[in-house]
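Below is one structure; the comments refer to it alone.
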Amino acid sequence: MTTRYVYNRRGRLVRSVTTRESSWTEQDRAEVLALALYRSQLCPCGCGQRYADTTSPEDTGPQFVASRKVCRARMTLLEAQQGAETNNAAIAGSRLWQVRTVRG
Ligand SMILES: [Zn+2]
């Protein structure tokens, strides 16, 4: 960290500029840029596939197969929310829910 002080003609401090060394390495920056590039190429619908693939012609592009799994954490959350329903919109809208892992 270095600080450069700038004085006016009368010797008064008018500005100080502090420069810190980045805690990010070149590798960190490259990985963040690569992640941003990857995410920018995803379909905006949320399917997790590449936009170029999801919008490709059906006869020349890749085929897709759907499958499903249950997120048990979300199921637990939804069940808890259903069990705590209230007609008070302020209470319902201001609740901060969280799900934590309980190891058996
Ligand atoms: Zn999509």
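Just follow the structure's listing: the first ligand is 1, and inside any ligand the first atom is 1. As the structure is a prediction and not an experimental result, all values here were calculated from the model.
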All side chain to side chain contact (heavy atoms under 4.5 Å, CB included) counterparts of Cys47, not counting sequence neighbours: Cys43, Cys45, Gln49, Thr54
Decide whether Asp53 and Ser56 meet the rule of one side-chain donor and one side-chain acceptor closer than 3.5 Å. no
Sequence neighbours excluded, which residues qualify as side chain to side chain donor-acceptor pair (under 3.5 Å) partners of Ser16? none
Backbone N/O of Ala36 and side chain of Gln41: donor-acceptor pair under 3.5 Å: no
dist Gln81:CD -> Arg74:CZ (nearest 0.5 Å) comes out at 7.5 Å
Test side chain to side chain donor-acceptor pair (under 3.5 Å) applied to Glu21 - qualifying residues, sequence neighbours left out: none
Count of protein N, O or S atoms below 2.8 Å from the Zn ion (ligand 1) equals 3
